[in-house]
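First the structure, in the form of structure tokens, and then the observations on it.
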Amino acid sequence: MALIVQKFGGTSVANPEKIKAVAARVMGYSRQGHKVVVVLSAMAGETNRLISLATEVQEQPDTREMDVLLSSGEQVTVALFAMAVKAAGQEAVSLLGDQVKIITDTMHTKARIKSIDTEPITRHLAAGKIVVVAGFQGVTDDLDITTLGRGGSDTTAVALAAALKADQCEIYTDVEGVYTTDPNICSSARKIDRISYDEMLELASLGAKVLDIRSVGFAKRYKVPVHVRSTFTEAVGTLVVEEDKDMESMLVSGVTYNKNEARITLSKVQDVPGVASKIFTPISDAGIVVDMIIQNTRAGEMTDMTFTVPRTDYKKAMSIVQDIVAEIGAGDVTGSEQIAKVSIVGVGMRNHSGIATTMFRILAEEGINIQMISTSEIKVSCVIDEKYTELAVRSLHDGFGLHQTGQSV
Ligand code: ADP
Ligand code: ASP
Ligand code: MG
């Protein structure tokens with residue numbers, strides 16, 4: 001008899017019929033004698049709907065109130081799910097973030113989990129109930145509701161699995177596992193059977209939203225094996241585990257894209273010590289995470305500075321930068337929300353040269369202009385015009401041979 005945490009994403013609980021179908025599947029595990037903790041997302045589209053409601057009322061919504069609003073999506077699905085189980089004659093109980101005591105910091109809309117009290121869950125499990133926990137939400141020490149950032153239900157599930165020392169953590173979603181790239185935009189994407197925490201961390205950080213990055217961080221830290229699989233089939237999915245020698249050792253293991261960033265450029269910035277700190281300190285003080293930064297060399301004593309921020313923080317970052325421009329005597333500020341970052345990822349890149357140039361050639365052959373580049377040991381990222389994202393992903397995927405099992409460059 002095992003203790004299993006099973007998380008179902010928004011498309012898996014998109015309507016009452018799907019909720020009933022998922023409940024039936026979970027009850028099957030419970031009838032086999034397993035203890036099951038279910039973590040649910042809001043119905044597909046619901047979190048987006050709530051965000052647009054908020055922006056209709058307040059242009060830059062107050063983040064504390066935003067969390068009160070957003071957490072309602074998961075409250076609906078856990079209640080309906082528990083009803084579905086009870087209607088089918090089994091015992092279940094729904095619990096919200098504050099009832100489980102998922103304690104977080106106070107960073108509203110992107111809070112981090114500090115601790116979890118497992119007692120309420122183990123008590124209900126011992127009473128023979130299926131425990132249904134609202135994903136994505138927590139509570140501060142002062143009892144304010146928080147949310148964990150988009151895709152945060154994955155993190156709730158893995159953090160619960162770690163805290164409960166569960167035997168398994170299964171992430172059920174609308175695809176059959178982790179693929180070499182998003183199977184919804186590239187038909188030749190292949191399912192990966194096993195992937196290491198480190199490689200998954202990289203894929204997730206660069207946009208493979210099939211697993212939220214913080215969930216992979218928890219999984220790695222607490223050694224929780226995660227099984228990503230489909231809600232709609234019985235097929236075995238992808239195991240995210242510690243690196244071992246049986247793993248496919250590919251030069252490039254995946255292609256990702258991220259359309260959630262925006263670019264800001266300050267032109268004619270004075271090229272003197274202290275300028276970067278003056279620009280980026282107020283931005284980080286506002287809780288905005290800057291991703292790529294490029295500083296050009298220019299003739300004279302001026303330079304251009306370009307960087308990317310999450311698209312949701314674009315307006316806030318722009319207004320901060322506009323205030324600094326006057327102070328540091330820079331030229332104008334321009335920006336674009338229509339950008340995408342496409343990346344190739346693979347630990348095999350460490351010992352190979354020429355991977356980045358192959359990427360640049362593939363993009364050039366499609367007539368795609370590269371606006372920014374960043375590299376690390378195991379990834380190369382390029383910022384391009386958003387409208388070429390799908391074309392870039394497909395060309396890179398097949399160009400690096402990921403559509404075949406034996407890869408060539
Ligand atoms: P859920 O609502 O179940 O959390 P998400 O939409 O957050 O599901 O994540 C699943 C989606 O992730 C898939 O439908 C797919 O479009 C996308 N995706 C992006 N990159 C990958 C990848 N490398 N492998 C699998 N899915 C991916
Ligand atoms: N409902 C939240 C979102 O859409 C959390 C999640 O689904 O994981 O981002
Ligand atoms: Mg998700």
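Atoms within a ligand are numbered from 1 in the order they appear, just like the ligands themselves. Since this is a predicted model, take the numbers as computed values, not measurements. Below, all heavy atoms of this structure are taken into account, side chains as well, without hydrogens, waters or symmetry copies.
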Quick one: look up the protein heavy atom nearest atom 4 (O) of ligand 1 and list residue, atom name and how far away it is.
Lys7 NZ, 3.0 Å

Contact partition for Asp182 relative to ligand 1, non-hydrogen atoms under 4.0 Å
both

What part of Asn184 sits under 4.0 Å from ligand 1 if we count only heavy atoms: the side chain, the backbone, both or neither?
side chain

Hey, can you tell me if Tyr172 and Phe8 have their rings parallel, tilted or perpendicular (30° and 60° cut-offs)?
parallel

So the atoms of ligand 1 within less than 4.0 Å of a heavy atom of Tyr179 turn out to be 22 (C), 23 (N), 24 (N), 25 (C)

Hey, is Arg194 close enough to Asp244 for a salt bridge, meaning N to O under 4.0 Å?
yes

What about Thr173: any of its N or O atoms under 3.5 Å from an N or O on ligand 1?
yes

Can you tell which part of Thr256 has a heavy atom less than 4.0 Å from ligand 1: side chain, backbone, both or neither?
neither

Can you see which heavy atom on Met200 is nearest to which on Val210, and at what distance?
CE-CG1, 4.2 Å

Run the salt-bridge test on Lys7 and Asp154 with the 4.0 Å N-O cut-off and return the result as yes or no.
yes

Write out the residue and atom name of the closest protein heavy atom to atom 27 (C) of ligand 1, then the distance separating them to 0.1 Å.
Val210 CB, 3.7 Å

Near ligand 2 (heavy atom, under 4.0 angstrom), the protein residues are Ser41, Ala42, Thr47, Glu74, Phe136, Arg150, Gly151, Gly152, Ser153

Where do Arg350 and Leu251 land on the side-chain contact (heavy atoms from CB on, under 4.5 Å) test, with the steps shown first?
CA-CA 9 Å; Arg350 274 189 201 124; Leu251 209 49; over 6 Å; no

Tell me whether Glu337 is salt-bridged to Arg311, with the criterion being a basic N under 4.0 Å from an acidic carboxylate O.
no

Output the list of atoms in ligand 1 that are nearer than 4.0 Å to some heavy atom of Gly177, sorted by atom number.
24 (N), 25 (C)

When you check the gap from the basic side-chain N to the acidic O, do Glu390 and Lys259 get nearer than 4.0 Å?
yes

Would Asp105 and Lys114 pass as an ion pair if we require N to O under 4.0 Å?
no

Looking only at protein heavy atoms, identify the closest one to atom 6 (O) of ligand 1 and say how far it is in Å.
Lys209 NZ, 3.2 Å

Closest by any non-hydrogen atom to atom 2 (O) of ligand 1: pick that one out of Ala42, Ser153, Gly10.
Gly10

Report the part of Arg190 in contact with ligand 1, treating N, CA, C, O as backbone and CB onward as side chain, heavy atoms under 4.0 Å; options are side chain, backbone, both, neither.
neither

Mind checking whether Ser41 has an N or O less than 3.5 Å away from an N or O of ligand 1?
no

Check ligand 1 against Pro183 and write out every atom of the ligand that is under 4.0 Å from a heavy-atom position of the residue.
24 (N), 25 (C), 26 (N), 27 (C)

Between Arg25 and Glu234, is there a side-chain N and carboxylate O pair less than 4.0 Å apart?
yes

Any N or O of Asp154 that comes nearer than 3.5 Å to an N or O of ligand 1?
no

Please say which of Thr63, Thr140, Asp62, Asp67 ends up in a side-chain hydrogen bond (donor to acceptor under 3.5 Å, both in side chains) with His108.
Asp67

Give a yes or no on whether a salt bridge exists between Arg229 and Glu170, defined as a side-chain N under 4.0 angstrom from a carboxylate O.
yes

Does the His34 side chain pair with the main chain of Ala2, one donor and one acceptor, at a distance under 3.5 Å?
yes

So, does Arg394 use its side chain to make a donor-acceptor pair with the main chain of Ile185 at under 3.5 Å?
yes

Do NZ/NE/NH1/NH2 and the carboxylate oxygens of Lys341 and Glu261 come within less than 4.0 Å?
yes

If you scan protein heavy atoms around atom 14 (O) of ligand 1, the nearest is Asp174 OD1, 2.8 Å

Which of the numbered atoms in ligand 1 are under 4.0 angstrom from any heavy atom belonging to Val178?
24 (N)

